[in-house]
Amino acid sequence: MKLHQIKYFIEVVLSGSINEAARRLYISQPTLSKAIKELEKELGFSLFTRTSTGISLSQDGAEFLSYARQINEQVELLETRYFNVQPSQQLFSISSQHYSFVVDAFVETIRRYGGDKYQFTIRETRTYEIIEDVKNLTSEIGVLYISAFNEKVLLQLMKEKGLEFNELFEADPHIFISQKNPLAKKDAVTLEDLEAYPRLVFEQGQYNSFYYSEEIFSTIPSPKSIQVSDRATLFNLLIGLNGYTISTGILSADLDDSEIVQVPLVAEDTIKVGWIVNKKAELSSMAKLFLEELQHTTLHMR
């Protein structure tokens, strides 16, 4: 096994295709394909699953990726320290449900540790896709919640996918509403109080099961319900339609002075927010730094 093979392999993963990786590496596609096949032959397993529509990491490839990244990081540290080689871009990717505190932690991670060159990705996406992203190591970390209702189903799914859930914090449910909403004057609201107002939820696409819902109490019917795909739209509808959404009650510092407020929801269930990782993977140094910032950010906001 040679170092350039490891670098080639990582670039193919990042690029998503042999052709694009070859272009970025300034080598020919046949040369890159040959290097990857020779590496697979040495390892004794396939790093990628190849289909007519492209390539994707195999399960063995996903495990190998975590070790390859560690080797590459250590080599770059040596090259930077002793040979004055400029470090390559910092690489890091996460997938998350729609939480502003995750974005805040992501921003702070980049500010403190991003350096002069980085290639980071943050995906606010659907619950099932978060799980798939971490399983395939498209993202190193996923952030989502579990409750008494969905815990058994989601934890079983994570187990089947080879993932591990780590609790970040537990919160009582709150509603996010406009300051102009009549409910904003209450110290707390009940589910009955919400019946007259539009409920806003994040759509889950093909996997639109109650268990994958991003909002607690998803099984309780609402006469007015709107599905959205992003936080900006949701906040506009909270203001424009006096709608509500149920979440953790943790607002980003950027939203403290906005028209959005949180009000406690009287309910027995709680929200456990946590981060998931692939059990086969070793977290990169950047992932560990992000988790530190995430812990600090949520502790500060609660």
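Side chains are part of it too, since the values below use all heavy atoms of this structure and drop only hydrogens, waters and symmetry mates. All residue numbers refer to positions in the sequence shown, counting from 1. All values reported here derive from a predicted model rather than from experimental measurement.
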Do [X] and [Y] belong to the same hydrophobic cluster, where Ile, Leu, Val, Met, Phe, Trp and Tyr are linked whenever their side-chain heavy atoms lie under 4.5 Å apart, directly or via other members?
{"X": "I146", "Y": "I216", "result": "no"}
{"X": "L163", "Y": "V277", "result": "no"}
{"X": "L39", "Y": "F45", "result": "yes"}
{"X": "V201", "Y": "Y99", "result": "no"}
{"X": "L194", "Y": "I220", "result": "yes"}

Check: [Y] main-chain N/O paired with [X] side-chain donor or acceptor under 3.5 Å:
{"X": "E42", "Y": "M1", "value": "yes"}
{"X": "E215", "Y": "F202", "value": "yes"}
{"X": "N278", "Y": "K135", "value": "yes"}
{"X": "S139", "Y": "G142", "value": "no"}
{"X": "T31", "Y": "I27", "value": "no"}
{"X": "S93", "Y": "T138", "value": "yes"}
{"X": "T298", "Y": "Q295", "value": "yes"}

Between F217 and F149, ring centroids under 6.0 Å: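 Between F217 and F149, the centre distance exceeds or equals 6.0 Å.
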
Step-by-step side-chain contact (heavy atoms from CB on, under 4.5 Å) determination, L294 to F106: CA-CA 8 Å; L294 185 61; F106 188 77; over 6 Å; no

Stepwise side-chain contact (heavy atoms from CB on, under 4.5 Å) check, F9 with L65: CA-CA 8 Å; F9 165 67; L65 175 61; 3.8 Å; yes

Using distance only, find each side-chain donor-acceptor pair of residues 241-250 under 3.5 Å and give its atom names and separation, not counting sequence neighbours.
unit_1 : atom_1 : unit_2 : atom_2 : d
T245   : OG1    : L200   : O      : 2.9
T248   : OG1    : I250   : N      : 3.2

In this structure, are over 12 heavy atoms from other groups packed under 6.0 Å from [X] atom [atom1]?
{"X": "E268", "atom1": "CD", "value": "no"}
{"X": "K279", "atom1": "NZ", "value": "yes"}
{"X": "D187", "atom1": "CG", "value": "no"}
{"X": "H296", "atom1": "NE2", "value": "no"}

Taking all heavy atoms of [X] and all of [Y], pick out the closest pair and write down the distance.
{"X": "S147", "Y": "T270", "result": "CB-O, 3.7 Å"}
{"X": "E140", "Y": "A287", "result": "OE1-CB, 3.6 Å"}
{"X": "R50", "Y": "I36", "result": "NH2-CG2, 3.8 Å"}
{"X": "S96", "Y": "V102", "result": "OG-CG2, 3.5 Å"}
{"X": "S178", "Y": "V261", "result": "O-CG2, 4.2 Å"}

So [Y] and [X], do their side chains get closer than 4.5 Å, heavy atoms only?
{"X": "L183", "Y": "D193", "result": "yes"}
{"X": "Q97", "Y": "T127", "result": "yes"}
{"X": "M286", "Y": "F120", "result": "yes"}
{"X": "L291", "Y": "L283", "result": "yes"}
{"X": "F290", "Y": "Y113", "result": "no"}
{"X": "I55", "Y": "T49", "result": "no"}
{"X": "V266", "Y": "V189", "result": "no"}
{"X": "I130", "Y": "R123", "result": "no"}

So how far is it from [X] [atom1] to [Y] [atom2], rounded to the nearest 0.5 Å?
{"X": "H174", "Y": "I271", "atom1": "NE2", "atom2": "CD1", "value": "9.0 Å"}
{"X": "F165", "Y": "I276", "atom1": "CZ", "atom2": "CD1", "value": "8.5 Å"}
{"X": "Q206", "Y": "E129", "atom1": "CD", "atom2": "CD", "value": "9.0 Å"}
{"X": "K186", "Y": "I177", "atom1": "NZ", "atom2": "CD1", "value": "10.5 Å"}
{"X": "L234", "Y": "I226", "atom1": "CG", "atom2": "CD1", "value": "9.5 Å"}
{"X": "N150", "Y": "T219", "atom1": "CG", "atom2": "OG1", "value": "10.5 Å"}

Test side-chain contact (heavy atoms from CB on, under 4.5 Å) applied to I6 and I10, step by step: CA-CA 6 Å; I6 293 176; I10 293 173; 4.0 Å; yes

Given R231, E214, R126, the one that forms side chain to side chain donor-acceptor pair (under 3.5 Å) with H98: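 Answer after filtering R231, E214, R126: E214.
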
[X]-[Y] side chain donor-acceptor pair, cut-off 3.5 Å:
{"X": "T233", "Y": "D230", "result": "yes"}
{"X": "S284", "Y": "Q70", "result": "no"}
{"X": "E11", "Y": "S15", "result": "yes"}

Derivation of the side-chain contact (heavy atoms from CB on, under 4.5 Å) call for K159 and E164: CA-CA 7 Å; K159 181 180 179 181; E164 179 180 76; over 6 Å; no

Carboxylate-amine/guanidinium contact K2 E38, below 4.0 Å: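 Not counted as a salt bridge, because no side-chain N and carboxylate O are separated by less than 4.0 Å.
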
Check ion pair K34-E40 (N to O, under 4.0 angstrom):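 Not counted as a salt bridge, because no side-chain N and carboxylate O are separated by less than 4.0 Å.
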
Aromatic plane relationship, Y128 with Y207 - under 30° parallel, 30 to 60° tilted, over 60° perpendicular: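 If you compare the ring of Y207 with that of Y128, the planes turn out parallel.
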
Ring geometry between H4 and Y8 (parallel below 30°, tilted from 30 to 60°, perpendicular above 60°):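 Perpendicular: the ring planes of Y8 and H4 meet at over 60°.
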
Counterpart residues, salt bridge (Lys or Arg N to Asp or Glu O under 4.0 Å), relative to K161 (two or more places apart):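 Once residues adjacent in sequence are excluded, the partners of K161 under the salt bridge (Lys or Arg N to Asp or Glu O under 4.0 Å) criterion are E132.
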
Residues forming a salt bridge (Lys or Arg N to Asp or Glu O under 4.0 Å) with R23, sequence neighbours excluded: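 Expected list: E20.
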
